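Comments concern the structure below.
First the proteins, then the strands, lettered A, B, ... as listed; each starts at 1. Worth knowing before you read on, the calculation uses all heavy atoms, side chains too, and leaves out hydrogens, waters and symmetry mates. Just so you know, these numbers come straight off a predicted model, no measurement behind them.
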Protein chains: 2
Amino acid sequence: MSSLPGEADLHVTVAQRLRRDHQRYTPARRALVELLVGAGGPVSLPELLRRDVALAQSSTYRNLGVLEAVGVVHRVVVEGESARYELAEDLTEHHHHLICTRCGAVRDFTISPTLERSLARAFDQVSAETGFRPTHHRLDLIGRCERCA
Amino acid sequence: MSSLPGEADLHVTVAQRLRRDHQRYTPARRALVELLVGAGGPVSLPELLRRDVALAQSSTYRNLGVLEAVGVVHRVVVEGESARYELAEDLTEHHHHLICTRCGAVRDFTISPTLERSLARAFDQVSAETGFRPTHHRLDLIGRCERCA
DNA sequence: CTCAGTGCAAAGGATTTGCATGCCG
DNA sequence: CGGCATGCAAATCCTTTGCACTGAG
């Protein structure tokens, strides 16, 4: 179906990317990756700390920074509160976010490949007209989640 | 062509929305609105202060907060640096953002009404499936602007 | 042994808030 | 007059950094 690394290979891929930059795949980093795999969307730092008490705040910030630098996690900026983190797109699937303005929860969703292609064409056109060189795009729905509606 | 308030009526609309919440349309607030009208995209607070030295930092934060609360300005969150502000969409036109990851500049762009409608349909479907109630959406292109390419 | 990784505490930067004063309605 | 607005300075909140210690290669 897809060429994404399966659960089984994920950690191998992560370890490779870290090693490429002379970084180690330590237990703390592995714990972060596992937390991110299990989340249904981007997770904030307080949430990460809450889910694994063994993590120190400063080390977690540092490790997320390292993981981002080697292309394993992606930092997502949302309204209010603190930043959120998710696995890089090439380790998951291309997706978008439902952002609740009341409770701050963020959940993933996808749109049809057809629509994605239409968007891609539109972006190519904008790119040609403006000289802007996009590396990726961001498409989010802002509103109230089911529980906060 | 459109039903947007013209330059001429904009301040009247703003004044109305403020009055509705028992707020005044003071010179400082008017200055902010005018700065935002002239910008080609969302503006950061440091930029606003730089463009009008008469504005005090704390008052500007407070006034942007008030203007946001009455639906005149919208706060845009982007990677790194500080938040950016733009006029609310019903005072301008529905648009999206080109965000440069190098210099942080943000510029507006639009996509075709047809594509917007396709997106709207997709969002309706997501909404029906998840129970999420969107109030609006956000579609940004992330990359390098012409100058930073 | 050497250098990356870790945790604590202190530093930083953006934004918010307390308070006294000025001014519009 | 009464309350919103304003500016300054102090306080907060999230995030980053300095430093000494531990551990893996």
**Message:** If you go through the side-chain atoms of Arg62(A), does one of them form a donor-acceptor pair with the base of dG18(D) closer than 3.5 Å?
**Reply:** yes
**Asked** Counting only side-chain N and O atoms of Gln23(B), is one of them less than 4.0 Å from OP1 or OP2 of dA5(D)?
**Response** yes
**Request:** Return the value, rounded to whole Å, for the distance between atom CD of Glu47(A) and atom P of dT15(D).
**Result:** 12 Å
**Request:** Figure out the CD/C1' separation between Gln57(A) and dA11(C), and round it to whole Å.
**Result:** 13 Å
**Message:** Using OP1 and OP2 only, check whether a side-chain N or O of Ser59(B) sits under 4.0 Å from dG7(D).
**Reply:** yes
**Item:** Interatomic spacing from NE2 in His95(B) to CZ in Arg107(B) - rounded to 0.5 Å
**Value:** 12.5 Å
**Message:** Without decimals, in angstroms, what is the distance between Asn63(B) CG and dC4(D) C1'?
**Reply:** 11 Å
**Request:** Could you tell me the separation between the CG atom of Leu55(B) and the P atom of dA5(D), rounded to a whole number of Å?
**Result:** 15 Å
**Request:** Grab the OH-P distance between Tyr61(A) and dT6(C) for me, whole Å please.
**Result:** 17 Å
**Message:** Under 4.5 Å between side-chain heavy atoms, counting indirect links through other Ile/Leu/Val/Met/Phe/Trp/Tyr residues: same cluster for Leu55(B) and Tyr25(B) or not?
**Reply:** yes
**Message:** Please tell me if Arg29(B) has a side-chain N or O lying less than 4.0 Å from either OP1 or OP2 of dA5(D).
**Reply:** yes
**Asked** What is the distance from CZ of Arg19(A) to P of dG25(D), rounded to the nearest Å?
**Response** 11 Å
**Complete:** Of the candidates dG2(D), dT15(D), dG7(C), the side chain of Arg24(B) sits closest to dG2(D)
**Complete:** Of Ser58(A) and Leu18(B), the one whose closest nucleotide on DNA chain D sits nearer the 5' end is Leu18(B)
**Request:** Round to a whole Å and report the spacing from NE2 of His22(A) to C1' of dG25(D).
**Result:** 15 Å
**Asked** Taking the six-membered ring for Trp, are the ring centroids of His136(B) and His74(B) within less than 6.0 Å of each other?
**Response** yes
**Asked** Hey, does Thr26(A) reach any base, or is it just sugar-phosphate, or nothing, if we go heavy atoms under 4.0 Å?
**Response** sugar-phosphate
**Request:** Please report the closest heavy-atom contact between Arg138(A) and Ile99(B), naming both atoms and the distance.
**Result:** NH2-CD1, 3.5 Å
**Request:** Could you tell me the separation between the CD atom of Glu68(A) and the CG atom of Asn63(A), rounded to the nearest 0.5 Å?
**Result:** 12.5 Å
**Asked** Taking CG from Asp21(A) and C1' from dC3(C), how many angstroms apart are they, rounded to a whole number?
**Response** 16 Å
